[in-house]
Undergrad: 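To start, I am sharing the structure in question, which I have written as structure tokens.
Within every chain, numbering begins at 1; the chains are lettered A, B, ... in the order of the sequence lines, protein sequences first and strands thereafter.
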Amino acid sequence: MPVFALVDCNNFYASCEKLFDPRLVDTPVVVLSNNDGCVVARSAEVKALGIPMGVPWFKLKDTAKRYGIVAFSSNYELYADMSDRVVEVLRGFTPNLEVYSIDESFLDLSGFMHLDLAAYGSEIRQRIQVWLGLAVCVGIAGSKTLAKLANHCAKKGYAGQFGVCDFTTISPAEMTALLARIEVGEVWGVGRKIHARLQEMGIKTVLDLREADAEMIRSRFSVVLERTLRELRGISCLDLDEVVPDKQQIMCSRSFGQYIYRLPELEDAVASYIARAAEKLRAQDSLAGALMVFIRTNPFSENEPKYQNSITLPLPDPTADTRILVQCGLQALKRIYRQGYAYQKAGVMLCNLCPHSMVQTSLFADSGNTLRNDHLMATMDRINQKWGRGMLRVAVERAQHPWQMKRGHMSSRYTTDWAGLPKVWAK
DNA sequence: CTATAACTCTCAA
DNA sequence: CTAACGTTGAGAGTTATAG
């Protein structure tokens with residue numbers, strides 16, 4: 001009998017920012033997406049103001065001023081480091097754990113069924129609060145989907161005390177009553193589209209979905225939703241994924257701080273995105289078999305002409321060599337670039353990835369040369385790791401990127417950079 | 001006609 | 001002062017294409 005706990009950090013990005021500036025306790029805080037675009041995290045105070053997730057920041061500025069909302073650009077280094085620390089603490093509670101996202105982990109608690117699981121959950125909560133200063137919620141149940149739902153209940157304080165919710169000890173009648181109170185859209189795997197379709201069919205609550213006919217759900221929707229339904233019934237269909245498999249595709253895309261009109265600037269951007277993607281590729285020791293490049297204008301602007309295009313080029317020999325990938329990417333870019341548009345975003349994707357060890361070398365490849373190039377790339381990665389990204393780069397990439405995304409509200413990298421320590425602490 | 005590739009849709013954080 | 005709206009990845013299902 002499997003038992004899962006889902007541990008989820010509350011308002012993770014916003015909480016990380018608050019953590020390093022005590023003046024911000026009780027202050028409404030939002031964290032913005034890349035380019036200071038949309039709200040991607042809200043502190044409790046902001047949620048209380050009724051501000052929804054995903055609003056564009058420029059639409060919120062007036063409200064923000066009125067209520068004294070403090071905004072931060074996303075500081076991924078900081079969040080990733082805090083996330084690692086959370087996972088490290090969680091590993092103290094179980095040997096089997098799946099890091100599901102930057103702020104969520106599934107814990108296998110099947111070996112702890114002799115314990116009071118709710119109490120164990122409280123202990124987890126306590127320790128992360130005391131050791132790291134972050135608040136988490138814990139949901140416990142016999143399937144991942146139910147554990148997710150239990151976590152939702154823990155956040156709302158539905159069953160039992162706030163912060164922990166254990167479905168394994170709830171009576172069937174209580175469970176039924178609880179599920180009848182929750183909208184079906186809260187279920188993991190039920191997004192906007194499926195929620196609307198379910199509603200139309202009269203399936204409005206989680207209970208409705210649980211009691212629906214599995215065959216019908218499968219035929220009208222998919223095998224995925226059928227699995228979700230079975231998970232809601234307590235039949236565990238999703239295992240803990242402890243080992244993170246290699247990526248099948250690697251992407252790097254970003255919108256620009258200012259529009260780009262000319263090809264050279266686009267080349268600069270695309271080259272730097274490829275360099276970044278290639279680093280990730282080498283980090284997992286893979287080679288790419290094809291490369292996709294896309295560019296597009298702002299889909300939201302109404303008066304300016306719109307254009308978007310993409311192209312995928314196969315690579316003659318699978319490679320992880322930044323220079324080859326950039327060469328290929330620039331050719332691709334030239335083929336889709338059209339003059340006279342205000343480009344707002346570009347991106348690249350490395351596809352058809354295969355492990356370096358498995359590659360079949362071309363009959364005509366010079367293996368000695370390939371080895372030297374691998375070595376060169378490895379050296380480049382080490383230098384860039386030590387001295388900062390872009391220290392060593394291909395020549396099309398400029399040192400300065402005028403198109404770089406906006407990050408007007410950036411906090412310090414408090415935990416990963418000495419220079420990030422605020423001066424006020426030194427006083 | 002079948003097997004595979006390519007593309008589309010949906011979801012998640 | 002104005003204009004301004006994220007990124008990355010997976011899986012399933014459907015359609016197109018090759019042999």
Undergrad: So Gln344(A), base contact, sugar-phosphate only, or nothing? Heavy-atom distance under 4.0 Å.
TA: sugar-phosphate
Undergrad: Which is true for Ser301(A) with a 4.0 Å heavy-atom rule: it touches a base, it touches only sugar-phosphate, or it touches nothing?
TA: nothing
Undergrad: Quick one: CG on Asn373(A) to CD1 on Ile324(A), what's the gap to the nearest 0.5 Å?
TA: 6.5 Å
Undergrad: What is the distance, rounded to the nearest whole Å, between atom CG of Asn298(A) and atom P of dC5(C)?
TA: 5 Å
Undergrad: Quiz question: by atom type and distance under 3.5 Å, do the side chains of Gln344(A) and Ser255(A) form a donor-acceptor pair?
TA: no
Undergrad: Please tell me which of Ser253(A) and Tyr259(A) maps to the more 5' nucleotide of DNA chain C, matching each residue to the nucleotide holding its nearest heavy atom.
TA: Tyr259(A)
Undergrad: Atom CD of Gln249(A) and atom C1' of dA10(C): how far apart are they, to the nearest Å?
TA: 8 Å
Undergrad: Does Lys155(A) have any salt bridge (Lys or Arg N to Asp or Glu O under 4.0 Å) partners at least two apart in sequence or in another chain, and if so, which?
TA: Asp8(A)
Undergrad: If only side-chain N and O atoms of Asn35(A) are considered, is one of them under 4.0 Å from the OP1 or OP2 phosphate oxygen of dC5(C)?
TA: no
Undergrad: Would you say the side-chain atoms of Ser411(A) and Asn75(A) include a donor-acceptor pair closer than 3.5 Å?
TA: yes
Undergrad: Using the ring-ring contact (aromatic ring centres under 6.0 Å, His included) rule, collect all pairs that involve residues 197-238 of chain A, keeping only residues at least two apart or in two chains.
TA: none
Undergrad: What residues in residues 49-58 of chain A put a non-hydrogen atom under 4.0 Å from any atom of DNA chain C?
TA: Pro56(A), Phe58(A)
Undergrad: Heavy-atom contacts under 4.0 Å between residues 232-245 of chain A and DNA chain C, which residues?
TA: none
Undergrad: What is the nucleic acid contact for Lys345(A), judged by heavy atoms within less than 4.0 Å: base, sugar-phosphate only, or nothing?
TA: sugar-phosphate
Undergrad: How would you summarise protein contacts on nucleotides 7-13 of chain B per nucleotide, using B for base, S for sugar-phosphate only and - for none, with heavy-atom distances below 4.0 Å?
TA: ---SSSS
Undergrad: Ion pair present between Asp36(A) and Arg407(A), side-chain N to carboxylate O less than 4.0 angstrom?
TA: no
Undergrad: I want to check one thing: is the phosphate of dA12(C), taken as OP1 and OP2, less than 4.0 Å away from some side-chain N or O of Arg227(A)?
TA: yes
Undergrad: Within this structure, what is the CE-to-C1' distance between Met349(A) and dT7(C), rounded to whole angstrom?
TA: 13 Å
Undergrad: Looking at dT7(C), I'd like to know if its phosphate oxygens (OP1 or OP2) sit under 4.0 Å from a side-chain N or O belonging to Ser255(A).
TA: yes
Undergrad: For residues 204-214 of chain A, dump all side-chain donor-acceptor pairs below 3.5 Å to protein atoms at least two apart in sequence or in another chain.
TA:
unit_1: Thr205(A); atom_1: OG1; unit_2: Leu207(A); atom_2: N; d: 3.3
unit_1: Thr205(A); atom_1: OG1; unit_2: Asp208(A); atom_2: N; d: 3.1
unit_1: Thr205(A); atom_1: OG1; unit_2: Asp208(A); atom_2: OD2; d: 3.3
unit_1: Asp208(A); atom_1: OD2; unit_2: Lys204(A); atom_2: N; d: 2.9
unit_1: Asp208(A); atom_1: OD2; unit_2: Thr205(A); atom_2: N; d: 3.0
unit_1: Arg210(A); atom_1: NH2; unit_2: Thr176(A); atom_2: OG1; d: 3.4
unit_1: Asp213(A); atom_1: OD2; unit_2: Met216(A); atom_2: N; d: 3.0

Undergrad: Applying salt bridge (Lys or Arg N to Asp or Glu O under 4.0 Å), name anything that partners Arg218(A), two or more places apart in sequence or on another chain.
TA: Glu226(A)
Undergrad: Between dC5(C) and dA12(B), how far is it from one P atom to the other, in whole Å?
TA: 25 Å
Undergrad: What is the distance, to the nearest angstrom, from the CG atom on Leu281(A) to the P atom on dT8(C)?
TA: 15 Å
Undergrad: How many Å lie between CG on Asp36(A) and C1' on dT7(C), as a whole number?
TA: 15 Å
Undergrad: What is the separation between atom CE on Met251(A) and atom C1' on dG6(C), rounded to the nearest whole Å?
TA: 11 Å
Undergrad: What is the separation between atom NZ on Lys59(A) and atom P on dA4(C), rounded to the nearest whole Å?
TA: 12 Å
Undergrad: In dot-bracket notation, what is the pairing pattern of DNA chain C, taking Watson-Crick (N1-N3 plus N6-O4 or O6-N4) and G-U wobble (N1-O2 and O6-N3) contacts under 3.5 Å, with [ ] crossing and | for other strands?
TA: ......|||||||||||||
Undergrad: Does the side chain of Glu242(A) come within less than 4.5 Å of Asn96(A)'s, by heavy atoms?
TA: yes
Undergrad: Taking ring pair (Phe, Tyr, Trp, His ring centres under 6.0 Å) as the test, write out the residues that go with Phe4(A), two or more places apart.
TA: none
Undergrad: Any side-chain N or O of Gln248(A) under 4.0 Å from OP1/OP2 of dG11(C)?
TA: yes
Undergrad: Who passes salt bridge (Lys or Arg N to Asp or Glu O under 4.0 Å) against Asp81(A), sequence neighbours left out?
TA: Arg85(A)
Undergrad: So, Lys47(A) and Asn11(A): side-chain donor and acceptor under 3.5 Å apart, yes or no?
TA: yes
Undergrad: What's Ile250(A) touching, base or sugar-phosphate or nothing? Going by heavy atoms closer than 4.0 Å.
TA: sugar-phosphate
Undergrad: Can you measure Phe300(A) atom CZ to dC5(C) atom C1' for me and round it to whole angstrom units?
TA: 4 Å
Undergrad: Any side-chain donor-acceptor pair under 3.5 Å between Asp103(A) and Tyr13(A)?
TA: no
Undergrad: If the sugar-phosphate is the primed atoms plus P, OP1 and OP2 and the base is the rest, what is the B/S/- string for nucleotides 13-19 of chain C, using protein heavy atoms under 4.0 Å?
TA: S------
Undergrad: Please identify which of these residues, Val394(A), Asp321(A), Leu291(A), meets the side-chain contact (heavy atoms from CB on, under 4.5 Å) condition with Val326(A).
TA: Val394(A)
Undergrad: Indicate, with a heavy-atom threshold strictly under 4.0 Å, whether Lys61(A) touches base, sugar-phosphate, or nothing.
TA: base
Undergrad: Taking only distance into account, with no hydrogens and no angle test, what donor-acceptor pairs under 3.5 Å do side-chain atoms of residues 263-279 of chain A form with protein atoms, sequence neighbours excluded?
TA:
unit_1: Glu265(A); atom_1: OE1; unit_2: Arg262(A); atom_2: NE; d: 3.3
unit_1: Glu265(A); atom_1: OE2; unit_2: Arg262(A); atom_2: NH2; d: 3.2
unit_1: Glu267(A); atom_1: OE2; unit_2: Lys334(A); atom_2: NZ; d: 3.4
unit_1: Asp268(A); atom_1: OD1; unit_2: Arg398(A); atom_2: N; d: 3.0
unit_1: Asp268(A); atom_1: OD2; unit_2: Trp403(A); atom_2: NE1; d: 3.2
unit_1: Ser272(A); atom_1: OG; unit_2: Ala269(A); atom_2: O; d: 3.1
unit_1: Tyr273(A); atom_1: OH; unit_2: Arg254(A); atom_2: O; d: 3.4
unit_1: Arg276(A); atom_1: NH1; unit_2: Glu279(A); atom_2: OE1; d: 2.9
unit_1: Glu279(A); atom_1: OE1; unit_2: Arg389(A); atom_2: NE; d: 3.3

Undergrad: Do you know which of Asp417(A), Thr415(A), Thr416(A) makes side-chain contact (heavy atoms from CB on, under 4.5 Å) with Glu77(A)?
TA: Thr416(A)
Undergrad: If you measure from CG on Leu149(A) to CG on Leu179(A), what distance do you get to the nearest 0.5 Å?
TA: 6.0 Å
Undergrad: Determine, for Glu104(A) against Lys148(A), whether the closest basic-nitrogen to carboxylate-oxygen distance falls under 4.0 angstrom.
TA: yes
